[in-house]
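Have a look at the structure below, then the notes.
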Amino acid sequence: MKPIRKLVSILLLVVMLAFSGCAASAQDVNLGKVMEEMEKQVNLTDMIDLDESDLTDMYGIQPEDVKQMKGKVLSDGLNPDELILIEAKDADAASRVQKALEQRLTNKGNEAKDYNPDGYALIQKCSVQAKGIYVCMLVSPEYEKLNSIYNSFVK
């Protein structure tokens, strides 16, 4: 009888841990609030907002893969500063979004390599980050601060 009781206790513990893991990964992040916080803490006044039409044109991301997005790009076109925050519709869409943003970052690096050594160095310090269905690309001299803000919302 004791082995059965022990087995049931272990199974209950496993089930509880599994459900607590599901609850922890399910989050609802308002990317507009994330961007607002970034704007409060970092000067982004020279950046222009991106919208859904830019997803396909700039990133090759299909709008049907995206639940919500916020983005900004530096208006001068000379520097590589670019922020894009995306919540994908599901895990498969998040994988496609991540690949597209990684390709964009690679392309930005290749473009800057020969004509903008400072921009190239900046791009090399930045990255694409994926956490569940949330994916972002942050390219900025303030990368570490922006990344910290992002991570405080998306856990």
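Note that these values count all heavy atoms, side chains included, but never hydrogens, waters or copies made by symmetry.
- Using modelled atom types, no side-chain atom of Asn147 and backbone atom of Tyr143 make a donor-acceptor pair closer than 3.5 Å.
- Counting only distance, with no hydrogens or angles, the side chain of Tyr134 and the backbone of Leu31 share no donor-acceptor pair below 3.5 Å.
- Atom CD1 of Ile149 is separated from atom CD of Glu142 by 9.0 Å, given to the nearest 0.5 angstrom.
- Although no hydrogens or angles enter the test, the distance criterion places no donor-acceptor pair under 3.5 Å between the side chain of Lys113 and the main chain of Tyr120.
- A heavy-atom distance below 4.5 Å is found between the side chains of Met58 and Leu50.
- We find the CD1-OG distance between Ile123 and Ser140 to be 12.0 Å, quoted to the nearest 0.5 Å.
- Under a 3.5 Å cut-off, the side chain of Asp57 and the backbone N or O of Tyr59 do not form any donor-acceptor pair.
- Applying side chain to side chain donor-acceptor pair (under 3.5 Å) to Glu102 and the options Gln98, Lys99, Arg104 leaves one that passes, Gln98.
- Here the OG atom belonging to Ser53 is positioned 3.5 Å from the CG atom belonging to Asp51, to the nearest 0.5 angstrom.
- No path of Ile, Leu, Val, Met, Phe, Trp and Tyr side chains, each step under 4.5 Å between heavy atoms, connects Met69 with Val154, placing them in separate hydrophobic clusters.
- Side-chain contact between Ile133 and Lys67 is absent, with no heavy-atom pair separated by less than 4.5 Å.
- Glu39 has a carboxylate O that lies under 4.0 Å from a charged side-chain N of Lys72, or vice versa, which qualifies the two as a salt bridge.
- In this structure, the side chain of Thr56 engages the main chain of Ile61 through a donor-acceptor pair within 3.5 Å.
- Between Asn116 and Asn79 the shortest side-chain heavy-atom distance falls below 4.5 Å.
- Annotation: Gln124, atom CD; neighbour count of heavy atoms from other residues, nucleotides and ligands within 6.0 Å is above 12.
- For the pair Val128 and Val135, the minimum side-chain heavy-atom distance is below 4.5 Å.
- Within the 3.5 Å criterion, the main-chain N or O of Leu138 finds no donor-acceptor partner in the side chain of Glu82.
- Of the options Leu44, Ile48, Asp46, Val139, a side chain to side chain contact (heavy atoms under 4.5 Å, CB included) to Leu74 is made by Asp46 and by none of the others.
- Val66 and Ile84 end up in the same hydrophobic cluster when Ile, Leu, Val, Met, Phe, Trp and Tyr side chains are linked at under 4.5 Å.
- Rounding to the nearest 0.5 Å places CD of Gln41 at 7.5 Å from OG of Ser148.
- For the pair Glu37 and Val34, the minimum side-chain heavy-atom distance is 4.5 Å or more.
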Discussion item. Set out, in order, the CA-CA distance, both residues' side-chain angles and the distance that settles side-chain contact (heavy atoms from CB on, under 4.5 Å) for Leu85 and Met38, then state yes or no.
Written reply: CA-CA 11 Å; Leu85 316 175; Met38 289 177 172; 4.1 Å; yes
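- Closest approach of Val97 to Ile86, counting heavy atoms only: CG1-CD1, 3.8 Å.
- The shortest non-hydrogen separation linking Pro63 to Leu55 is CA-CD1, 4.5 Å.
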Worksheet item: Val29 and Glu87: side-chain contact (heavy atoms from CB on, under 4.5 Å), yes or no, with the steps?
Response: CA-CA 8 Å; Val29 177; Glu87 178 184 5; over 6 Å; no
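- Salt-bridge formation is not detected for the pair Lys89/Glu64: no Lys NZ or Arg NE/NH1/NH2 atom is positioned less than 4.0 Å from an Asp or Glu carboxylate oxygen.
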Fill in: Leu105 vs Leu101, side-chain contact (heavy atoms from CB on, under 4.5 Å): CA-CA, chis, key distance, verdict
CA-CA 6 Å; Leu105 190 62; Leu101 292 182; over 6 Å; no
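- Residue Lys131 places its NZ atom among more than 12 non-hydrogen atoms of other residues, nucleotides or ligands, all under 6.0 Å distant.
- Side-chain contact check for Gln103 and Asn107: at least one donor-acceptor pair (N or O, by modelled atom type) lies under 3.5 Å.
- Scanning all heavy atoms of the two residues, the minimum distance from Gly132 to Ala94 falls at O-CB, 3.7 Å.
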Practice prompt. Start with the C-alpha gap between Asp81 and Met47, add the side-chain angles, then the distance that decides, and say whether side-chain contact (heavy atoms from CB on, under 4.5 Å) holds.
Written response: CA-CA 8 Å; Asp81 301 36; Met47 299 185 90; 4.1 Å; yes
